[in-house]
2 protein chains.
Amino acid sequence: MTAIRGARERARNEITAAIKDEARRQLAAEGAAKLSLRAVARELGMVSSALYRYFPSRDDLLTALIVDAYNAVGEAAETARSALTGADARRPVARWTAVCSAVRTWALAHPHEYALIYGSPVPGYTAPRTTTEPAARVGLALIGVVREAYAAGALKEPAEPLPDAVVGDALALGAELGVELPGAVLARLVGAWAQLFGLVSFEVFGQFNRVIEARSEFFEQSVLQLAHSVGLTTHRERRTAR
Amino acid sequence: MTAIRGARERARNEITAAIKDEARRQLAAEGAAKLSLRAVARELGMVSSALYRYFPSRDDLLTALIVDAYNAVGEAAETARSALTGADARRPVARWTAVCSAVRTWALAHPHEYALIYGSPVPGYTAPRTTTEPAARVGLALIGVVREAYAAGALKEPAEPLPDAVVGDALALGAELGVELPGAVLARLVGAWAQLFGLVSFEVFGQFNRVIEARSEFFEQSVLQLAHSVGLTTHRERRTAR
DNA sequence: TCCCGCGCAAGAGCACTGCTCTCGCTTTGG
DNA sequence: CCAAAGCGAGAGCAGTGCTCTTGCGCGGGA
């Protein structure tokens with residue numbers, strides 16, 4: 001990203017990365033609760049106090065890992081959105097399920113990192129400002145899919161009216177994001193976003209144990225239903241955008 | 001529940017309850033991460049080692065609190081299900097939203113306890129067998145609402161077919177629970193169950209900050225949509241059960 | 001009624017944690 | 001070339017979960 005000035009700054013970046021890597025390893029191995037600064041330092045062959053030159057506190061280390069995790073899911077979602085080829089690339093529902101499945105796959109592969117960002121907020125919390133932008137990436141990917149569908153005329157606005165307050169919030173959100181979608185669609189999109197993570201969390205956190213066995217099929221099915229609920233149509237409809 | 005034999009056992013129960021109460025207070029105040037056996041003991045005027053006579057480890061204390069929390073939400077859901085009066089009592093959708101709102105209200109009132117059960121699994125985990133039964137109560141309340149609707153002919157089976165594996169899981173679950181509902185309905189019910197907690201978790205964990213302001217209306221709306229997705233009908237339909 | 005045993009609290013202690021402060025060494029930029 | 005800033009090492013503080021040993025006192029059987 002930014003140019004590296006001298007050898008000192010270069011070393012600092014390397015050590016910072018090494019600390020995060022080792023911390024991520026411990027996170028994956030034992031979970032956030034067991035992540036210990038001293039153990040990280042020990043594994044890296046340095047003394048614990050030296051680590052404080054790089055992260056002022058344990059919570060700051062965790063915050064760095066949180067940001068990385070948000071970016072990792074976000075990137076998974078974004079590449080899934082633009083990686084479809086052939087006929088599927090044009091079908092909004094296929095893109096929708098691709099994004100959702102990418103989130104699920106990442107979560108199952110990195111359960112502890114997932115728990116870090118979509119589980120209980122760990123410390124006395126209040127998420128720092130720096131996390132909000134990476135945290136929005138998955139939501140933005142979903143919005144992107146729906147925008148494409150809307151532009152292509154493959155979006156069927158829901159018939160049932162929504163309360164004014166809800167539509168108002170949705171429109172405000174759309175304005176803030178520079179997205180020109182109907183309020184009702186945006187509102188359902190936010191709902192689907194939250195519900196998607198309900199499905200993923202239940203699976204990752206083991207709530208589906210002894211309840212659902214065919215988890216992939218179940219997820220695919222549920223996510224398809226979510227796509228319909230925001231107005232994505234399975235079969236292309238003749239309808240002009242705008 | 002069980003008869004109290006002697007004064008000794010009586011005292012033991014009282015102290016156990018006092019420990020859990022104090023632990024719950026600390027949980028509510030600072031969160032699960034900050035819950036400390038020593039602090040609980042200190043507050044109760046005893047020494048930390050004495051506490052181990054009642055709970056063999058910190059995780060055991062947490063497990064006890066988890067069971068209590070599951071029972072608390074479960075009870076909130078159950079009373080909401082059967083507390084409706086007048087015309088609402090007959091409308092399945094009203095009961096459905098009542099149950100969902102009860103869960104949300106409880107979660108917002110007890111965020112840390114909620115995080116304990118529906119957030120990240122805390123220790124090396126693997127939930128003890130004793131937690132599974134209380135954990136099912138909310139789900140069972142939702143199933144109960146749908147069963148009543150089914151019996152009253154107020155349930156419209158979804159038209160779209162589901163994958164066989166999903167229906168199979170749903171039927172197995174229904175058999176295990178002794179519930180005679182169509183597989184497709186049960187499958188969507190499980191999905192709605194997970195998605196409900198997605199909505200609640202996002203609100204409790206602050207993911208809706210700066211996104212949704214009219215949270216109650218939004219929740220109500222989303223939950224209504226979930227009701228429809230499992231087949232509950234807003235307006236009574238003439239249709240014979242079975 | 002006595003009295004022995006069991007349940008219990010207390011205290012010391014171990015290994016660990018996050019975090020602070022000081023002390024020197026090394027690198028760096030003016 | 002030299003002061004200043006960055007850095008690692010070590011000691012130390014307060015706190016944690018958990019274990020072990022030591023006694024005290026209450027309760028139920030004789």
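Reminder, nothing fancy here: chain letters follow the sequence lines and each chain counts from 1.
When the P atom of D:dT16 is taken as reference, atom CG of B:D59 falls 16 Å away, rounded to whole Å. Protein atom OH of B:Y54 is 13 Å distant from nucleotide atom C1' of C:dA10, rounded to whole Å. With rounding to whole Å, B:L35 atom CG is found 12 Å from D:dG17 atom C1'. The nearest whole Å value for the distance from the CZ atom in B:F55 to the P atom in D:dC18 is 13 Å. When rounded to the nearest whole Å, the span between NZ of A:K34 and P of D:dG17 equals 12 Å. Between A:I15 atom CD1 and C:dT26 atom P there is a gap of 16 Å when expressed in whole angstrom units. Atom-to-atom, CZ of A:R10 to P of D:dC7 comes out at 15 Å; the value is rounded to the nearest Å. Residue A:L62 contributes atom CG, which lies 15 Å from atom P of C:dT17 at whole-angstrom precision.
Checking A:W193, A:F205, A:F197 one by one against A:Y118, the ring pair (Phe, Tyr, Trp, His ring centres under 6.0 Å) holds for a single residue, A:F197.
Among the nucleotides C:dC8, D:dG6, C:dT17, the one closest to any side-chain atom of A:R8 is D:dG6. Comparing atom distances between the B:R38 side chain and each of C:dC19, C:dG18, D:dC18 picks out D:dC18 as nearest. Comparing C:dT17, C:dC19, D:dG17 by their nearest atom to the side chain of A:R58 picks out C:dC19. Comparing atom distances between the A:L37 side chain and each of C:dC8, D:dC7, C:dG18 picks out C:dG18 as nearest.
Checking side-chain atoms of B:R58 against main-chain N and O of B:L35 turns up a donor-acceptor pair under 3.5 Å. With hydrogens and angles disregarded, a donor-acceptor distance shorter than 3.5 Å links the side chain of B:S120 to the backbone of A:S120. In terms of modelled atom types and a separation under 3.5 Å, the side chain of A:T79 and the main chain of A:A76 share a donor-acceptor contact.
Less than 4.0 Å separates DNA chain C from at least one heavy atom of each of the following residues of residues 45-53 of chain A: A:S48, A:S49, A:Y52. Taking every heavy atom of residues 18-27 of chain A and every atom of DNA chain D, no pair lies under 4.0 Å.
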Notebook entry, point to check: Passes side-chain hydrogen bond (donor to acceptor under 3.5 Å, both in side chains), B:S57 versus B:D60? Steps please.
Noted result: CA-CA 5 Å; B:S57 82; B:D60 289 270; 2.6 Å; yes
Next item on the list: Take A:R104 and A:S216 through the side-chain hydrogen bond (donor to acceptor under 3.5 Å, both in side chains) test and state the conclusion after the steps.
Entry: CA-CA 9 Å; A:R104 169 176 178 262; A:S216 298; 3.3 Å; yes
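Annotation: side-chain hydrogen bond (donor to acceptor under 3.5 Å, both in side chains) contacts of A:N71 (sequence neighbours excluded): A:R137.
Applying the 4.0 Å criterion to OP1 and OP2 of C:dG18, one finds that A:S36 has a side-chain N or O inside that range. Taking 4.0 angstrom as the limit, B:R42 places a side-chain polar atom (N or O) nearer than this to OP1 or OP2 of D:dT16.
Under the 4.5 Å side-chain criterion, counting only non-hydrogen atoms from C-beta, A:F55 is not in contact with A:L37.
Taking the ring centroids of A:F208 and A:F218, they lie under the 6.0 Å cut-off.
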